[in-house]
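Below is one structure, written out as structure tokens, with a few remarks after it.
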Amino acid sequence: MCGIVGIVSNDKEVARDLYIANWGQMTRGKESSRIVTFDGQYHVIGGMGTPDIVFRGEGILKTLKGKSGIGHDRYSTTGGSNAHNIQPIEGMFNGTPFWLAHNGNLVSYQQIKEKCERKGYLFKTSTDTEVLAALIYFSGKKSFREALKKALQQIQGTYSLVTLYKNQVMGVCDPSGNRPLIYGSGAGINLLASESAICDVLGIKYIRDIPPGELVAFHDGNKENIELISLFAPKEEHPCIFEFLYFLRPDSKWHNRRCQIVRESMGAILWSEQSVVADMVIPVPDSGNAAAVGYAHAAQLPLVFALFRYHGVGRTFIEPLQGMRDESLRIKLNVIPELVRGKSVVVVDDSEVRGTVIKRVIKLLIDAGAKEVHVRIASPPYMHPCYYGIDTYRVKDELIAMRHDGNVEMIRQEIGASSLGYLSLAGLKRAIIEGGSDDLSETSFCDACFTGKYHIPIED
Ligand code: SF4
């Protein structure tokens, strides 16, 4: 997860657009937010919490001066959720500061960190990201771009990155293309962001995804001044399948596929694989909305919004602690009893990781008088922890499908559903592949959380 953004403008201060981008990407991480701009010197504002809280206050954005800048919304994976670990983080290159923001996980960071510490580097954070800053510091290269390249060649893991070095913004994706990074341009600005929807929000044109292993650099807002440099020889692509399923905003595009359309298609295929006789389809809001639309349409059943989601609470999945997740879930979800009393209902969600949400949903519906509650999930059982950018490796024993060894009947009993059905992995991939026209194939995904096949080896 995490949202990253980098903007350079020809003629205006970029703080406001960076703020809008951080705000528009906070669905990817809401633990902390920071913006760094440059106008001959760096200006930095950040804090714990979402951008609307961190940057609240008359005139705060006016102090972030400059026509170049980067921003970050954090969802912690490596390193605790605290003020020391807020990104972008600062590094030093040949006596000049630079800033770095990261989405992903560097799986080999621990050994590199120990090596850099032995050479005298003082780490200020406990994030994996800072090893990149340390490697840039020790690179011995004359240009920042060469130093970044050398640092990236020494690490293993998943990353989409943006850097700010003086007035220049650079962005790069790891050679497997695991995390999204898009490029947009227009109205005198060049932009890199995690979500293509930010281009719509800012009224500029989405140009394309940044391909795996490619570095993009710009120091003004002119499209023709963009530099594209291939850092790594092309490798097999492994975009995170969960981005299509859940992480990306429904209105964002990745690999020429609009997430809302792909997710509706997942729901339709789910119905063809896991049909059930019922009176209505109910989405688990908001993550199950699109799949429920596809399911209901294919099943020719009414789509009923019988679950109310209170939007004052964000995504519960990305709460760092289970206690917080439970509490925000109680505030977040409620049922409209008149809509479900005496009915057989099918509840559709995009995925089931810990089982926390679906248990709450089933209890709400049964307490409200639903006769039967059938559950349909628009992805396979989540069986293996992710080491590439979401925090499920810290909570292996909380993964409901892993605990039951993928036994659907045992999972059904634990959650208390009348019946339970999952979308097959082949069905999930089909929905994505058929949702666009480029060359994604069955083998071109990271699907390790469903299959246990990790495309980047995981160290102990
Ligand atoms: Fe995405 Fe799952 Fe791969 Fe992690 S393991 S990168 S969540 S597909």
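In listed order, ligands and their atoms are each counted from 1.
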Sub-4.0 Å atoms of ligand 1 with respect to non-hydrogen atoms of Ile241:
8 (S)
Are Ile282 and Phe305 side-chain neighbours, meaning at least one heavy-atom pair lies under 4.5 Å?
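Of all side-chain heavy-atom pairs linking Phe305 with Ile282, none is under 4.5 Å.
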Side-chain donor-acceptor pair present, Thr158, Asp174, cut-off under 3.5 Å
no
Check whether more than 12 heavy atoms from other residues, nucleotides or ligands sit under 6.0 Å from atom NE2 of His297, and answer yes or no.
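Incorrect, the count does not exceed 12.
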Report yes or no: is the cationic atom of Lys30 (NZ for Lys, CZ for Arg) closer than 6.0 Å to the six-membered ring centre of Tyr75, at no more than 45° off its axis?
no
Classify the ring geometry between His455 and His238 as parallel (under 30°), tilted (30 to 60°) or perpendicular (over 60°).
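Answer is parallel, since the angle falls under 30°.
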Over 60° means perpendicular and under 30° means parallel, so tell me whether Phe242 and Phe247 are parallel, tilted or perpendicular.
tilted
Side-chain donor or acceptor of Ser379 paired with backbone N/O of Asp350 under 3.5 Å:
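A pair under 3.5 Å: yes.
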Which residue holds the protein heavy atom closest to atom 6 (S) of ligand 1, what is that atom called, and what is the gap in Å?
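Here the nearest protein heavy atom works out to Arg179 NH2, 3.2 Å.
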Result, protein N, O or S atoms below 2.8 Å from atom 4 (Fe) of ligand 1, excl. waters, equals 1
